[in-house]
Each structure stands twice: as C-alpha cells, then as structure tokens.
2 protein chains.
Amino acid sequence: MFRDHNCSELTKLDVGKKITLSGWVNKRRDHGSMIFIDIRDRYGITQLIFDPEISSITHEMAKKLRNEWVFSIKGEVALRDAPNPNLKTGDIEILVENLKILSASKPSPFPIFEDKTETNEELRLKYRYLDIRRKPILDKLKMRHLVMLETRNFYSENGFLEINTPILCKSTPEGARDYLVPSRVYKGNFYALPQSPQIFKQLLMIGGIDKYFQIAPCFRDEDLRADRQPEFTQIDVEMSFDGKDKLFELVETHLKRVFKKCKNIDITIPFEKMSHAECLEKYGSDKPDLRFDMELIRLDEIAKKTSFSIFLDTLNADGCVKAIKVEKGADLSRKKLDEYSSFVKPFGLKSLFFIKKTNGSLTSSITKFFADDLLKEIDEKMQIANDDILFIASDAETKVNQALDHLRRKIAHDRNLIKPNVYKFLWVEDFPLFEFDVEENRLKSMHHPFTSPSTKDIHLLEKEPLKVRADAYDLVLNGYEIAGGSQRIYDSEIQSKIFKLLNLSEEDIKQKFGFFIDALEYGTPPHGGIAYGFDRLIMILTNTDNIRDVIAFPKTLKSLDLMSSSPCLVNQDQLKELEIKTQEIEKITWE
Amino acid sequence: MFRDHNCSELTKLDVGKKITLSGWVNKRRDHGSMIFIDIRDRYGITQLIFDPEISSITHEMAKKLRNEWVFSIKGEVALRDAPNPNLKTGDIEILVENLKILSASKPSPFPIFEDKTETNEELRLKYRYLDIRRKPILDKLKMRHLVMLETRNFYSENGFLEINTPILCKSTPEGARDYLVPSRVYKGNFYALPQSPQIFKQLLMIGGIDKYFQIAPCFRDEDLRADRQPEFTQIDVEMSFDGKDKLFELVETHLKRVFKKCKNIDITIPFEKMSHAECLEKYGSDKPDLRFDMELIRLDEIAKKTSFSIFLDTLNADGCVKAIKVEKGADLSRKKLDEYSSFVKPFGLKSLFFIKKTNGSLTSSITKFFADDLLKEIDEKMQIANDDILFIASDAETKVNQALDHLRRKIAHDRNLIKPNVYKFLWVEDFPLFEFDVEENRLKSMHHPFTSPSTKDIHLLEKEPLKVRADAYDLVLNGYEIAGGSQRIYDSEIQSKIFKLLNLSEEDIKQKFGFFIDALEYGTPPHGGIAYGFDRLIMILTNTDNIRDVIAFPKTLKSLDLMSSSPCLVNQDQLKELEIKTQEIEKITWE
C-alpha cells in the first residue's frame, strides 16, 4: 500500500495517527540533525520530518532525496510548533518512521513548486508532463474537467443525448482547410477530419433525435493565431421543434449553472440582446466588451455642418464620423495621445482628432471648423463633462468601426476600466445571411449554408440578398465570441435556393452535399442549434489568454507537438502502402 | 410553438386539455369520414383523429399527409373508446383542431415503424438518418449515452479527472497500422491518429494527475473483422499509487453501477479471477465464456496408458489429449457428430473422438484401446453419467485448445445452454510478458512494451524471458474481452531492458519513444490502468453482435461511409498544398 491519505487532508484531528503518504519532493531543507521535506501530490502539500532519533536509517536515506523524486513514507501525525496558516495541512507535520524511494528524478528543467516564475513556454511544452505538475496548469485542467462534467449532466438532465459523430469524415470545400487522411483500402481517396459536427447534428435531427449534444473534437488546418489550435473542442448542441427562445434559455441556464458550480459566481440571466447592426453602430464590433461604456456615437449630422474638409470629404465618399468619449481624459499627455493616434493607423484610419473640455469649454485643433452652435450641439450629443476628452474618427465606416473598437478596448485597458470577475454576456442577433466576397466575386454565407434566413426577410432573397438577415446568433462574453449558432433551413427548396445564391454548381452541390440535400427531403423537422467554443470558455473561467494553458497536450503556433516531436517523417513502407508520395521534405529542427 | 408535450406523455389525467404535438407520420388509416394518424417522436406514439365535424379544413389537409412527413397539431385530449394496452398513451387520443404540415418526405426506402423487418444493412447505412428513427437503433444510442454519462459521473465521484489527449499524434511503429495525416506546414511530415491514449495517460501519471480517465476515440487502419471499426471508443483509466487490487475494485464497482442504473440488473462483485494459464487449461481460451460448464479436462495420464497409437504419438510429440463432456449428449445423431468433426477441422485438429455412456457402460470406436481399469479411470475422472458423451481431442496443445474452445461454445449454442440476461465476469491474470514472433524471430510484447513484469518473475527476465509473467490482466464478460490493462514499469532501467529484449535498437527507441523514456526519468510514480472496449460493452448491454448498431454513423467492413460517400477524391489543390501525390487512384463504386 503506497498511501492511505493524500497530501492535503490531514489535520489536527488526525494527530497521533499512523499514516502512509506518497508523492513528490516539493522542497527539502537539511538542518543537519533534522531533514524537513514537503511532500506534494495533486491535492496538496504536507510537511515531513526525518529525525534521526525516530529512525536513523530513514534519516540517512532521506539525505538522498532531491526535488521531484517520488517516495512513500509511513509516520505519525504530530502537531506543529509553528502552524503555517497558508497551508491546508499547516497545523500538522509527520514524524517519519519509514521511507521508501520509488523513483529518482533528474533535475527539473524549470521549477515546479514556484508559481510565479515565467519559464519560457517552449521549454514548458517540451516537458509538458512536468508543466502539468505545476498548480497553474493543474488548476486549469481541473476546471476543464469540471465544466465538461457539469455540461454533460446539465444537458442530459434536460433530455439531450450525447452522440459521438465520426472523426473520419468527408472532405467539404466550404470553410477552413481540412486535415486529410489517406485511405489505404481505396488508394487515392481521402477522409477529412471534421471542422465541426455540423452536418451530422442536422442529420441526427432528421433522424428524430430531437435533442442532441456533444463535447466534440474539431480540426482546422489553418495558420494559427494566438488563440487557435489545430484541434479544438466544441460544445455542440442541436434541437428540433423548439426554436431560438428556448435555445437561448437553455444556454443561459447552462452557463448560470457552470459559473455557479465551477466558480461560485452568480451570473444574471436572461442575457442582454442586441442586433448585429446595433452592435456595429454602438461598439464597432460584433463582439463588444460590455464591461465598460465608451459607446461609439455617430456625428455625421454635426460633421456635415462643419467646414472641416476631412469630415466633408469623408461623408461625401459615404464614410462616417464617429466618436468615443473618455471620461476625465482631458489630462492625457501629448505623448499618450500620439500613441493612440499611432495605435489606430494599422486599422487604416488616417487620423484621430481630439476635443477636450476644460473649464467648461471645448478646445481642439479642429474646433475652429465648428460654428458655436455646432460646438454646443456636439457637447449635448456627447454629454461632455469637464475634463472629458473625445476621440473622433472620420473615414470609411468599416475602418472607423474597427479602429474605434480597438481603441475603446485599449483605453479601457490603459485606464483600468475593467473590473475583475465581471462577466457581461450578450446575445448578438440578426446577422446578415450573406457577405460579399470581393476576391471571388460571389456571395458567401456569413455563418454556413444551412442557416435559415429570417422569416421577415425571406422575400428579399432573390432581389436583395445582402439585405437578408439570418436567424443566426452569437453569444459574446467580455468581448469574446464564446458561442454561435442558427436556426436551420428545413425546407429543401430554400436550401437549394441558398446554394444557388452561393454560386455552387449543381455538380458541386451534388458531389459535396448531395447526400445531405437528399436527407432534407425525408422529413426534416424545424431545428436549430449552437456551438460553444469550449477552450475559450475555459480560458475565460481560468483567467488566461493562452489557449495552450487549457489543453493538456497542446501544439505550438506552428502546429508542432514539442514534447513528442510530432509531426515527423514516417517509414517509407507506410507511404508505399497508401500509394502516396511526398514531393518535398522539410526537415524540422527540434532544438 | 411547435409542441408543449412529447408523443409519449399524455394519459387519462390529461383528458380535456388543449395540447400541441409535433412529430412524424408513423402510420395513417383513412376511414373516409375520419382519418387516424399515429404521430411519432423520439419518445413515443400518440393517436390523432382528424374528424371533419371538428374541422373540415384540417381533415382535408390531413389527407395529404404520408408516412414520415413532419407536422404539428393542436387538439384536445380525449378518452379512447377502445384503449390500446400496448401503448403508453393507449388510453387517449387527440381530436385534432389544427394541422400544420412542416415538411414532406419522399417514401422511405425501408419501413421505419416495423421493428421486425430485416432490411439490407447497406441500405440502412446509406440512409442512416432514417435508420436512426427506428427503435432498435435509437434504443442503442440511448444506452450508449446513458453508459457514457454514468461512467463519467462514477469516475468523477471517485476523484478521477477526465483529460482529453490529442488526436493529432505521433506515429509509432508498435501495434496496428496508423492512420496518417500529412502536415501542410512541414511538408513530408505526418501526424498519426492515436491507436489509444496509452503514452499520454502514462505521461499524465508522471505529471502527477494520479487519477485519470477518458472516453477516448481511437483509430486503427486494419482490415476489419465483423466486430471492428476503424474508429472505436475506449474507456481509458489510469491511476498512481494504488495498485491492481484497487483498480479491480474500482472497475467492478463501476460495472455494477452501470448494469444497475442502465439495465436494472444486479451483478455480483467481486468478479471471479483466473490465471491465464488456468484459463487455457480449463477452457482453451483466454476469454472463456463462463455462462456454461463443459470444462476441458486433460487426459494425458490416462491416454499414455492406452494402446491407441494416435494418443501415444501425440504425447510423444509434446501434444496433449483433452476432453469435454456433454451432459445428456449420448443421443446426438451420427450426422451431428460428423458436423462437429468437420467443425473442428479448420482449427487444424485432425480428428475428434467420442465416448458415450449408455446403460452404465462406455462405448466408442476407441474403447478397445483402453484396458478395463482405464475405462474406469476415465469414467471417474470425467464423472460421466448415463447418457453423457465425451468429445476427445488429441493434437498439439494450441490446436486442441483452440478447437475445443470453439467446439465448447458451439455446443453450448446448439444445446441452448446459455440463459438470457446472465452476465459472467472473469478477471484473467498473469499473462506472459512476451510471446515469440516466429516470422520476425524476436520477442514481442504480449500487451505493450510498458507493461510491468510480475515482481515474482523479474529474476527470469534475462535468462528465461518467455517464462516471465506480466502484471497484466483482462476482464472477460460472457466470452468477450471487454477490458484489458496492466501495471506499468516505473523504473527507467527496467524499461530500457524490456526494449532491448524486444530487439528495438537504441535508435528505434530514441526516435520512437525517446521522449517517453526521458519522461520516465523525471519522477515516475508506480501506476497502472485499464482500457475498456466501450463499443463492445454497449453491444453486450444491448444484445447485438453488430458493432455498427451501437455507433451513430458507422463504417462498413471496407471502412466506407455509405451515407456521405467517404473516403473520396479531393481537389488537386488540396494535395498540392500538402505536396503529396497519389500514385494510384481507385475509383469507388457507390451504387
């Protein structure tokens, strides 16, 4: 028997008991006559004392122990002279009678027990098995487990069945790039790893499984951004006969439960709702962070009455003038203002204008272009208080929105406007059904081609497709999109019409979705669903911006597994069996 | 609102209520004046009545409805004149006031509501979304969901964390054939889909996660047998510091709970245990079906005292003579006995001998080779009763075992010796650590190269490796291996020694497992685990021999998805981006 207790559970009440513990050497102090060792396991830390007067052999053996060695001890629980209030087991220590060294350890390439060190991430990933011993990573994996379990129980209690959909799938042309898997049985043919279980969950609805969920692995072969991984996880949900309102309620109840049970935080439901158009107007973004104000305010009506040529030219070119107000920002230094001006440049915004209010009057390099009543109008419109400052952008609408969105968030960050442990959820609704792809000169689905157009706009499909809103929605939390979904088309005629608008040829449709179009003709119920970005949710719940922290064995931005050195070259026999030939070989340098 | 009740929940108590239901047309009978329709959803069936006297418009519309159309109705719950005791809702019917047709359906290629039809499986797989509407498949998916949920709750309550391990992994040479995934970023390099999370779960143990589980997708690119799929599911479990006995107890408690909660069946724990050697001796198999007796009994000692040259030659050539006794089998026809003789031929057994006992005396074509006292000895040894029959096999031990194992099971089947709903579990222990691969002329791991040798046999490693028993175990249920595992090596020296015995070169080891061997040197705890064949478990729980029945979207024996027509040819651009070229293209014929 290697243990009868874990390293976090012994207390005063156990004093005098003979116990067995096992774990890793967390810290050792050799005081000559006595050796103190903190033993660590997944649950906590307990202080051990090796006293030659209790057992000289054991004391002698304990001299060999080094950090991260694995060992097991028997001993007696004793009260500590000087309790450690920061430790759960801080009232006691163990007088060790017997020691068994289970396995040695080379010196760890980075410290395990100090949480504050900033070890180079590549080193941590190479030795991920050691990294997982560290509390910051362990805690995130625990949270991940908890949220998965809570999610499964919640959806199951609500009548949903978890159904595993395949991972060896069919390659489809829409969306991101597929990972391919060559078939050995049928040479030259390929499976693809699923980017999401989208088609399968809709087939399940056709199959009469009216409530489905799955915590599903998904794959995208994309050049990675900091918050992406080649394999990621979705909480995938679909239901028939119930519509959007019930789905929203379900998701809200689910998240309320997750936040309560996993973080002990009460969130308010129902969540706020806003149309996609209103989001862009007010925040310049379809995933606004509502933890702080600073709405974008449109000043077109005022701007066109100024004599400022930049404003006038912008408006003539169908651009816009919008502003945000920073309360008590009038004392921002020239240097800081220059920094903000540079900050918005990468978004294509040529310049940023400022108006301050000090001692009751507005001052700026551009106020001279404003008649007095215009200054009054802007003052009222923006409700400017003394010592506030306005940031004004004038350009094409998308540039203004993008720049002010980023600026708004940067300022909130700079001025500490974001309180910790605030969670602002927002449903964004009424997305456009299509967007226009200039490069390919065709319509593209904003969400995916199975999204139902909004009933109210269905008459616009043929003539003004870009005006058609979709029955699609995103859930935004603190400025991050954490879920997105839609009600689906259940009428095969509308589905065909959408494919045509997307300029997919009959052959494309037949080849790629043929079987799905067929399936829609065998009794499809009204249905819709949502998919949560599970990794993102865990990131928010564990306060990290690094997606790799919430995945046990993640890959780098180059999709490398530094621990196992993967991908790698394979045996030529393996390729021969698949009848594929690699045209080029890039050697990966691992160190 | 499409519904406020499902199709299985209305009873007498709801009579008079106005309700809304949605679902599929399960069956329709048009009686001219009245139309009766059974509406079906995932939960059940309710009878609807369309009466022109209630609404002539609705009655008129209802004439259009055909099987499998989706529709929604409003109406009033009424008591039935003639209740249907076979239906949960059999006491009531709905007088329909309002009908909305939601979507039409082409005629289904096979009947949905008749459970007894034997539709061609390929047709069912092609229209899997319709197949899933059928109760036999739906029930199995429900069971799968339930067992997954129960399993997750059980292991979580016992302190285990579910941790997702990667699906884009490193290719390893041991074991079955890997599915490969070409890397786009590093041309010529490949990921592999995991055959199991074996290495990852051991790394998690090194990482201090002392209790891990996962319901994990696994992949093997093998020529499929009837009960295999290219992607399958494992319940994967690993724990540190606790040893085999605790693991057995855990698995037993888990299965007891699953059988109780998901099948309402009480199984007895702890399970029986038997060594691998004893299994082979008594049943000729390492996965004996204990639902019936008919043990194999060794007759070498008696056989060598006979004058029967076949026995004597066999024994001289290190073969054996073993028998099984079929109670009350003396009246088996000559034809049946010939059938059994033919049945054992494919296993390499040259002949099968019979001895019957009728009217108190043993008769057979071979009794003449037995002296009287030998006949008495065999009678006592086999405890032969009147009207019993012995089947005797004499050959090399593996052939005898294999033949009698199959024969034993066939006879049990033929004679209906297997009672329904009996579940006989057995732990098989003490497997050999190695087996000898004649083709490659080297030792191979019986389980896998990380399996710990049994402590009692460690001294035999160098000199008599084939005699070393492993700390490995299988769990057998009703003749199927449903789980297998081992305690692992936690000493890096023993691990290296095993690799050497397996004749893996330093370079092989370094290239393929290098990082894992490294990892073992950073403080590995004693650990071990098990993996359950999840699909097999669900097959047993749902009484099917067809693995495809317990998977929502399965593949055929040729690894084809008949529904989506996958695998398929892909766009040349996709291959170009990966810099791979297919040497040969095999066209798949889908119809």
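Throughout, a chain's letter reflects where its sequence line sits, starting with A, and its residues are numbered from 1.
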Open item on the list: According to ring-ring contact (aromatic ring centres under 6.0 Å, His included), who are the partners of B/Phe71, at least two apart in sequence or on a separate chain?
Closed with: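 Not a single residue meets the ring-ring contact (aromatic ring centres under 6.0 Å, His included) criterion with B/Phe71.
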Open item on the list: A side-chain contact here means heavy atoms from C-beta on lying under 4.5 Å apart; do B/Val70 and A/Tyr490 qualify?
Closed with: no
Open item on the list: Would you say that A/His145 contacts B/Ser156 through its side chain, given a criterion of any heavy-atom pair below 4.5 Å between the two side chains?
Closed with: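 The answer is yes; the side chains approach within 4.5 Å.
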Give, as side chain, backbone, both or neither, the part of [X] having an atom under 4.5 angstrom from any heavy atom of chain B.
X        : result
A/Pro525 : both
A/Asn164 : both
A/Lys211 : both
A/Leu130 : side chain
A/Ala104 : backbone

Open item on the list: Between B/Glu579 and A/Thr582, do the side chains contain a donor N or O and an acceptor N or O under 3.5 Å apart?
Closed with: no
Task: salt_bridge(A/Glu162, B/Arg152) N-O dist < 4.0 Å - done: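 So A/Glu162 pairs with B/Arg152 through a salt bridge.
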Open item on the list: Less than 4.0 angstrom from a charged side-chain N to a carboxylate O is my criterion; do A/Arg177 and B/Asp573 meet it?
Closed with: no
I'd like a table of donor-acceptor pairs (distance under 3.5 Å, sequence neighbours excluded) in which one partner is a side-chain atom from residues 187-194 of chain B, with atom names and distances.
residue  : atom : partner  : partner atom : Å
B/Lys187 : NZ   : B/Arg184 : O            : 2.8
B/Lys187 : NZ   : B/Glu577 : O            : 2.8
B/Asn189 : OD1  : A/Leu569 : N            : 3.3
B/Asn189 : ND2  : A/Glu586 : O            : 2.8
B/Asn189 : ND2  : B/Tyr186 : O            : 3.3
B/Asn189 : ND2  : B/Lys187 : O            : 3.2
B/Tyr191 : OH   : A/Ser559 : O            : 2.5

TODO: May I ask you to decide if A/Gly208's main-chain N or O and B/Trp24's side chain share a donor-acceptor pair within less than 3.5 Å?
DONE: no
